[in-house]
Visitor: 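Submitted below is the structure of interest, expressed as structure tokens.
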Amino acid sequence: MASSLSFSTTGNYGSRSCMPVSGHGSDGCTFGQASFPKRSKSRELSIVSVATHLPAIVLPPSVSRKEVAKERKLVAWTSVRHERWEGELVVEGDIPQWLNGTYLRNGPGLWHIGDYDFRHLFDGYATIVRLCFENGHLMMGHRQIESDAYKAARKSNKLCYREFSEVPKYDNFLAYIGDLAKLFSGASLTDNANTGVVMLGDGRVVCLTETIKGSIVIDPSNLDTLGKFEYSDSLGGLVHSAHPIVTDSEFLTLLPDLLNPGYVVARMEPGTNERKVIGRVDCRGGPSPGWVHSFPVTEHYVIVPEMPLRYCAQNLLRAEPTPLYKFEWHPESKGYMHVMCKASGKLVASVEVPLFVTFHFINAYEEKDEDGRVIGVIADCCEHNADTTILDKLRLQNLRSWSGKDVLPDARVGRFRIPFDGSPNGELIDALNPDEHGRGMDMCSINPAYLGKKYRYAYACGAQRPCNFPNTLTKIDLEEKKAKNWHDEGAVPSEPFFVARPGATREDDGVVISMISDKNGEGYALILDASTFEEIARAKFPYGLPYGLHGCWVPKS
């Protein structure tokens, strides 16, 4: 069902109403052919583009949500209003002329079916958002990823697959037993690809989640769902790292082995769908492998984390979630970091480290002595002080009902040092004082040219206390051990994503892009100068979007 939407900007700049858009950019962007005024160099509003009519397909009544006025201020945790939208945005400030390409962001954006509300941030059906930059103009679009889980829910008006914390409701005990049988084959696991999005070396764009079946190819030019990414190998398994390492030349992933506890390290060449085994790491502790949401690499090594937060078959079988959902905390099993040679698949180091909890690794690099010999590996992550409560704090009830108290668990930039001298132990320290970023740290990105290499800067979400969720964008300087924060009162920023200026020689020469879920139901795209970390442009969305997770950059072809 089509509908239309208009909005305007008011104030000292007068009123700008919406206009239709026509014409196509070379990479699939669509831009208006209206005459735009010359951009101002000041911070005043420069109209370089205009919001379009809304070619939206409104969600049908079976999945439409009751509009509650008080929820507008909680737009970050409210289901997306339309299944799809596309239009050109009004830009305030100046988008660099060199910024030409598409930023894609994936994340859970629909947290209900009919009148049933999902319980956890990670449960929502995937919403892919697109920011297309060309010559200072900005086109925005979003739509739902058409996974089998999403399509079945829309058709039947109920949950049909097992999500992160949600399990389908069974009519009787026999139906429950039948679902368990499908669980062991993976048939009942969701393919809701709501976590990340990557561009492979051959140009294909794939949305991902932790189930292997939840790998879905999309068209970045219009966000169409093209179909499943089917792996052509026989490695099997049900889950993999939601964050593979993807470069122009390779795709590296970890496959936890839930039956014979360990991890398979695999590589996939561009243009293929076949993963080939590099090597295997057996777990050193616990009844099952630790959760591997992400992992780091260096130029020559893959680092395999073994976290005491371990997969738990009993919790997986439950019809109702536990506080740790599909996992169980086993501090007695200890924590380990393993280092595998990419070329040979041989394990070159395996050390015990202090207990840790991390979703996201930032980067890693090889530590060398004065003669240039590799003596160890440094691996940085967003570490939650071995506190597992962060998982339960991400329940939607907690996020929507914040009372103003400081309830966000502390986090830090944790730095592992893994020696190559045969030592049984590694280190885990603070890479900088956690108070620099408000003791909140997650959702990091770096300059991709420094992947696996010694680096200085990272961009993340930090905290301005009190809060119940990271609420700042933060630039971390690991040499000076300082952080600089951007904050908009009442807003929730998503992952800051770094894009380098073409030809740049400085590590922080570029921009940082984020999408902001603002107060009062609004939202906007934000562009920061990565060097100064000052705002250079923003573009208001026609309505606020829910919080999103991870993104990727698709250069202009």
Visitor: How many angstroms lie between atom NE2 of His82 and atom CG of Leu545, to the nearest 0.5 angstrom?
Guide: 10.5 Å

Visitor: With the threshold set at 4.0 Å, does a side-chain nitrogen-carboxylate oxygen contact exist between Glu366 and Lys453?
Guide: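 No, no charged N to carboxylate O under 4.0 Å.
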
Visitor: Just by modelled atom types, is the Ala193 backbone N or O under 3.5 Å from a matching donor or acceptor in the Asn106 side chain?
Guide: yes

Visitor: Thr127 vs His142, test: side chain to side chain donor-acceptor pair (under 3.5 Å). Steps then yes/no.
Guide: CA-CA 7 Å; Thr127 302; His142 72 76; over 6 Å; no

Visitor: Determine whether the aromatic ring centres of Phe361 and Phe295 lie less than 6.0 Å apart.
Guide: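 Not under 6.0 Å, so no.
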
Visitor: Just verifying a value: how many Å separate Cys461 SG and Asp442 CG, rounded to the nearest 0.5 Å?
Guide: 8.0 Å

Visitor: Starting at SG of Cys382, measure out to CD1 of Ile476 and round the result to the nearest 0.5 Å.
Guide: 7.0 Å

Visitor: Counting N and O atoms only, with roles assigned by atom type, does the side chain of Asn194 sit under 3.5 Å from a partner on the main chain of Gly124, one being a donor and the other an acceptor?
Guide: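 Yes; judged by distance alone, with no hydrogens or angles, the pair exists.
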
Visitor: Within 45° of the axis and under 6.0 Å from the centre of the six-membered ring of Tyr457, does NZ or CZ of Lys475 qualify?
Guide: yes

Visitor: About how many Å separate CG of Asp488 and OG of Ser517, when rounded to the nearest 0.5 Å?
Guide: 11.5 Å

Visitor: Would you say His437's side chain and Gly440's backbone share a donor-acceptor pair under 3.5 angstrom?
Guide: yes

Visitor: Give the intermediate values and the outcome of side-chain contact (heavy atoms from CB on, under 4.5 Å) for residues Asn135 and Asn100.
Guide: CA-CA 7 Å; Asn135 299 325; Asn100 290 292; 3.7 Å; yes

Visitor: Looking at Asp148 and Lys213, is there a salt bridge between them, counting it only when a charged N and a carboxylate O are closer than 4.0 Å?
Guide: no

Visitor: Salt bridge or not between Lys540 and Glu522? Use side-chain N to carboxylate O under 4.0 Å.
Guide: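 Looking at Glu522 together with Lys540, the answer is yes, because their closest N to O distance falls below 4.0 Å.
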
Visitor: Applying salt bridge (Lys or Arg N to Asp or Glu O under 4.0 Å), run through Glu134 and Lys556 and close with a yes or a no.
Guide: CA-CA 9 Å; Glu134 186 171 359; Lys556 181 181 177 183; 3.3 Å; yes

Visitor: Any heavy-atom pair between the side chains of Gln144 and Leu223 that's under 4.5 Å?
Guide: no

Visitor: When you measure from the side chain of Arg81 to the backbone of Tyr543, do you find a donor-acceptor pair of N or O atoms at a distance under 3.5 Å?
Guide: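 Not confirmed, Arg81 side chain does not pair with Tyr543 backbone.
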
Visitor: Quick check: closest heavy atoms across Ile218 and Thr225, and the distance to 0.1 Å?
Guide: CG2-CA, 4.4 Å

Visitor: Taking Asn447 for the side chain and Ala449 for the main chain, is one N or O donor matched with an acceptor at less than 3.5 Å?
Guide: yes

Visitor: Can you confirm if the aromatic rings of His550 and His360 lie within a centre distance of less than 6.0 Å?
Guide: yes

Visitor: Under 4.0 Å between a side-chain nitrogen and a carboxylate oxygen: does that hold for Arg456 and Glu507?
Guide: no

Visitor: Angle class for the Tyr231/Phe251 ring planes (parallel below 30°, perpendicular above 60°, tilted otherwise)?
Guide: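 Tilted.
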
Visitor: Do you know the tightest heavy-atom contact between Thr209 and His240?
Guide: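 Closest pair (atom of Thr209, atom of His240, distance): O-NE2, 3.1 Å.
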
Visitor: Taking the side chain as every heavy atom from C-beta outward, state whether His112 and Phe118 have any atom pair closer than 4.5 Å.
Guide: no

Visitor: Considering all heavy atoms of both residues, which atom of Ser147 and which atom of Ile216 are nearest to each other, and what is their separation?
Guide: CB-CD1, 3.7 Å

Visitor: Ring centres of Phe133 and Tyr103 under 6.0 Å apart?
Guide: no

Visitor: Would you say that Leu528 contacts Pro496 through its side chain, given a criterion of any heavy-atom pair below 4.5 Å between the two side chains?
Guide: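 When only atoms from C-beta onward are counted, Pro496 and Leu528 do not touch, as no gap falls below 4.5 Å.
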
Visitor: How about Arg204 and Phe229: do any of their side-chain heavy atoms sit closer than 4.5 Å?
Guide: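 In contact.
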
Visitor: So among Val217, Val206, Asp191, which one has a side-chain contact (heavy atoms from CB on, under 4.5 Å) with Lys228?
Guide: Asp191

Visitor: Please check this pair: side chain of Glu250 against backbone of Pro270, looking for a donor-acceptor N/O pair closer than 3.5 Å.
Guide: no

Visitor: What are the two closest heavy atoms between Cys444 and Met441, and how far apart are they?
Guide: SG-SD, 4.0 Å

Visitor: Just by modelled atom types, is the Met515 backbone N or O under 3.5 Å from a matching donor or acceptor in the Ser494 side chain?
Guide: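 Indeed, once roles are kept as given, a pair shorter than 3.5 Å links the two residues.
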
Visitor: Return the CD1 to CZ distance between Ile95 and Arg538, rounded to the nearest 0.5 Å.
Guide: 12.5 Å

Visitor: Specify whether His384 and Phe359 have parallel, tilted or perpendicular ring planes, treating 30° as the upper limit for parallel and 60° as the lower limit for perpendicular.
Guide: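 Ring orientation of His384 relative to Phe359: tilted.
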
Visitor: Under the side-chain contact (heavy atoms from CB on, under 4.5 Å) criterion, do Lys454 and Ile378 qualify, and how do the steps go?
Guide: CA-CA 9 Å; Lys454 190 168 184 179; Ile378 301 294; over 6 Å; no

Visitor: Does some side-chain heavy atom of Asp94 sit less than 4.5 Å from a side-chain heavy atom of Ile536?
Guide: no

Visitor: Would you confirm whether Asn485, through its side chain, and Thr472, through its main-chain N or O, come within 3.5 Å as a donor-acceptor pair?
Guide: no

Visitor: I want to check something: taking the side chain as every heavy atom from C-beta on, are Tyr455 and Asp380 in contact at a cut-off of under 4.5 Å?
Guide: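 Yes; the side chains approach each other to less than 4.5 Å.
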
Visitor: Tell me whether the centres of the aromatic rings in Phe469 and Trp77 are closer together than 6.0 Å.
Guide: yes

Visitor: So, the side chain of Asp123 versus the backbone of His120: is there a donor-acceptor pair under 3.5 Å, distance only?
Guide: yes

Visitor: Between Glu163 and Thr190, do the side chains contain an N or O donor and an N or O acceptor separated by less than 3.5 Å?
Guide: yes

Visitor: Apply side chain to side chain donor-acceptor pair (under 3.5 Å) to the pair Tyr116 and Glu166, showing each step before the final yes or no.
Guide: CA-CA 11 Å; Tyr116 182 75; Glu166 300 291 339; 2.6 Å; yes

Visitor: Could you check Trp553, Tyr459, Tyr450 and say which one makes a ring-ring contact (aromatic ring centres under 6.0 Å, His included) with Phe498?
Guide: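 Per the ring-ring contact (aromatic ring centres under 6.0 Å, His included) rule, the option paired with Phe498 is Tyr459, out of Trp553, Tyr459, Tyr450.
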
Visitor: Hey, which of Val265, Thr253, Val281 is the one that makes side-chain contact (heavy atoms from CB on, under 4.5 Å) with Val302?
Guide: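 Result: among Val265, Thr253, Val281, Val265 is the only option passing the side-chain contact (heavy atoms from CB on, under 4.5 Å) with Val302.
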
Visitor: Scan side-chain atoms only and decide if Glu299 and Tyr365 contain a donor-acceptor pair under the 3.5 Å cut-off.
Guide: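 Note: Glu299 and Tyr365 side chains miss the donor-acceptor criterion.
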
Visitor: Test Tyr325 against every option in Trp291, Phe122, Tyr311, Phe164 by the ring-ring contact (aromatic ring centres under 6.0 Å, His included) rule and name the one that passes.
Guide: Phe164

Visitor: Heavy atoms, side chains only, cut-off 4.5 Å: are Asp508 and Phe533 in contact?
Guide: no

Visitor: Just by distance, no angles: are the side chains of Arg162 and Asn192 close enough, under 3.5 Å, to form a donor-acceptor pair?
Guide: no

Visitor: Side chain of Ser79, backbone of Trp111: donor and acceptor closer than 3.5 Å?
Guide: yes

Visitor: Just verifying a value: how many Å separate Phe497 CZ and Met443 CE, rounded to the nearest 0.5 Å?
Guide: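 Reported to 0.5 Å precision, the distance equals 12.0 Å.
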
Visitor: Taking side chain as C-beta onward, heavy atoms only, is Val205 less than 4.5 Å from Val197?
Guide: yes

Visitor: Can you give me the closest heavy-atom contact between Gly452 and Asn363, atom names plus distance?
Guide: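 Heavy-atom minimum between the residues: N-OD1, 2.9 Å.
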
Visitor: Which atoms form the tightest heavy-atom contact between Ser514 and Pro493, and what is the distance?
Guide: OG-CB, 3.9 Å

Visitor: Verify salt bridge (Lys or Arg N to Asp or Glu O under 4.0 Å) between Lys276 and Glu269, making sure each step is shown before the conclusion.
Guide: CA-CA 9 Å; Lys276 296 182 179 179; Glu269 301 296 330; over 6 Å; no

